[in-house]
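Worksheet for the structure shown next.
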Amino acid sequence: MKKSLFGVVLLGLILVIDSCKKDDPAPPAIAGTWTLNTYKMTELPTGFTKYEGYEDVQILGIEVGYTFLFNQDGSYTRAFKVGGGYPSINDKGKWTLEGTTLKVAPDDADDLDKIDAYGTPGLEFTVVGDITAIRMTLSRSVTVYILPDSFDTTQTPTNDDFKPVDITLQYIFDKL
């Protein structure tokens, strides 16, 4: 009788432990603080291919930091720091990740205006590959101003020499 009672208690304990595991889902991989490592230019059109795969810590030439904090509850904060007297973006709001589409929705309309003015901080991204414990790569289409492949690099470029080009920009973030 003692063996039967012990077996029933043990089985009950296993079921309780197993059900507790199911109640506590793992946090999404995106949860945490992410800082931009580099931007990478991809999918450049003919005439601008010398920039294919080009990586840098700035795409506008004024960034001094780009950080996201994604909370498990679907909220986020972002700091897009810029220099040269330009206003930084410090927005917060809600985020969603459906399949490979990440969307952020700032709470403040003034932040939307700044995001639109800079163009590169973004509101909607495509997740490239998997979000791992240390790396997340996002991408989106943007317009950048760059010199064509045919530009004579022995000359000093003027503003008119830079041409608007639609590219896919990858944002390579490291988890802190």
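FYI, the numbering just counts along the sequence from 1. Note that the structure is predicted; figures quoted are calculated from it, not measured.
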Quiz item: In Å, rounded to the nearest 0.5 Å, how long is the span from CZ of Phe125 to OG of Ser141?
Solution: 12.0 Å
Quiz item: Would Met41 end up clustered with Val128 when hydrophobic side chains under 4.5 Å apart are linked, directly or stepwise?
Solution: no
Self-check item: Nearest heavy atoms of Leu147 and Lys50, plus distance in Å
Solution: O-CE, 4.1 Å
Quiz item: Between OG1 of Thr38 and CD of Gln58, what distance do you get to the nearest 0.5 Å?
Solution: 12.5 Å
Practice problem: Find out if a path of hydrophobic residues (ILVMFWY) with successive side-chain heavy-atom gaps under 4.5 Å connects Leu60 to Val57. | Solution: no
All N/O donor-acceptor pairs, side-chain side in residues 163-176, below 3.5 Å, sequence neighbours left out:
residue	atom	partner	partner atom	Å
Lys163	NZ	Asp160	O	2.7
Asp166	OD1	Thr143	OG1	2.5
Thr168	OG1	Glu43	OE1	3.1
Tyr171	OH	Thr120	O	2.4
Tyr171	OH	Arg140	NH1	3.4
Asp174	OD1	Arg135	NE	2.8
Asp174	OD1	Arg135	NH2	2.8
Asp174	OD2	Asn37	ND2	2.8
Lys175	NZ	Ala29	O	3.3
Lys175	NZ	Ala31	O	2.7

Self-check item: Counterpart residues, side-chain contact (heavy atoms from CB on, under 4.5 Å), relative to Asp56 (two or more places apart)
Solution: Tyr54
Practice problem: List the steps, then state whether side-chain contact (heavy atoms from CB on, under 4.5 Å) holds for Val144 with Val142. | Solution: CA-CA 6 Å; Val144 295; Val142 299; 4.0 Å; yes
Quiz prompt | Intermediate values then yes/no, side-chain contact (heavy atoms from CB on, under 4.5 Å), Thr101 and Lys103 | solution = CA-CA 6 Å; Thr101 302; Lys103 294 180 183 179; 3.9 Å; yes
Quiz item: Which atoms form the tightest heavy-atom contact between Leu123 and Pro106, and what is the distance?
Solution: CD2-CD, 3.7 Å
Quiz prompt | Within 6.0 angstrom of Tyr145 OH, more than 12 heavy atoms from elsewhere | solution = no
Exercise. Give the cluster check for Ile115 versus Ile62: same hydrophobic cluster or not, with ILVMFWY residues linked at side-chain heavy-atom distances below 4.5 Å.
Key: yes
Quiz item: Would a distance-only check, ignoring hydrogens and angles, find a side-chain to backbone donor-acceptor pair under 3.5 Å from Glu63 to Ile59?
Solution: yes
Please set out all donor-acceptor pairs under 3.5 angstrom arising from side-chain atoms of residues 68-94, sequence neighbours excluded.
residue	atom	partner	partner atom	Å
Asn71	ND2	Ser75	OG	3.0
Asp73	OD1	Ser75	N	3.0
Asp73	OD1	Ser75	OG	2.6
Tyr76	OH	Asp91	OD2	2.5
Arg78	NE	Asp91	OD1	2.9
Arg78	NE	Asp91	OD2	3.4
Arg78	NH1	Tyr66	OH	3.0
Arg78	NH1	Pro121	O	3.0
Arg78	NH1	Gly122	O	2.8
Arg78	NH2	Asp91	OD2	3.1
Arg78	NH2	Gly122	O	3.2
Lys81	NZ	Asn90	OD1	2.9
Ser88	OG	Val82	N	3.2

Self-check item: N/O donor-acceptor pair under 3.5 Å between Asp130 side chain and Thr132 backbone
Solution: no
Quiz item: Can you tell if the side chain of Val127 reaches within under 4.5 Å of the side chain of Ser139, non-hydrogen atoms only?
Solution: no
Practice problem: Walk me through it: do Asp113 and Tyr118 pass the test side-chain contact (heavy atoms from CB on, under 4.5 Å)? | Solution: CA-CA 9 Å; Asp113 292 339; Tyr118 288 129; over 6 Å; no
Exercise. Evaluate the side-chain proximity of Ile131 to Trp34: yes if any heavy-atom separation is below 4.5 Å, no if none is.
Key: yes
Quiz item: Would Leu102 and Leu138 count as a side-chain contact (heavy atoms from CB on, under 4.5 Å) if you check the C-alpha gap in whole Å, the side-chain angles of each, and the deciding distance to 0.1 Å?
Solution: CA-CA 8 Å; Leu102 171 65; Leu138 305 176; 3.9 Å; yes
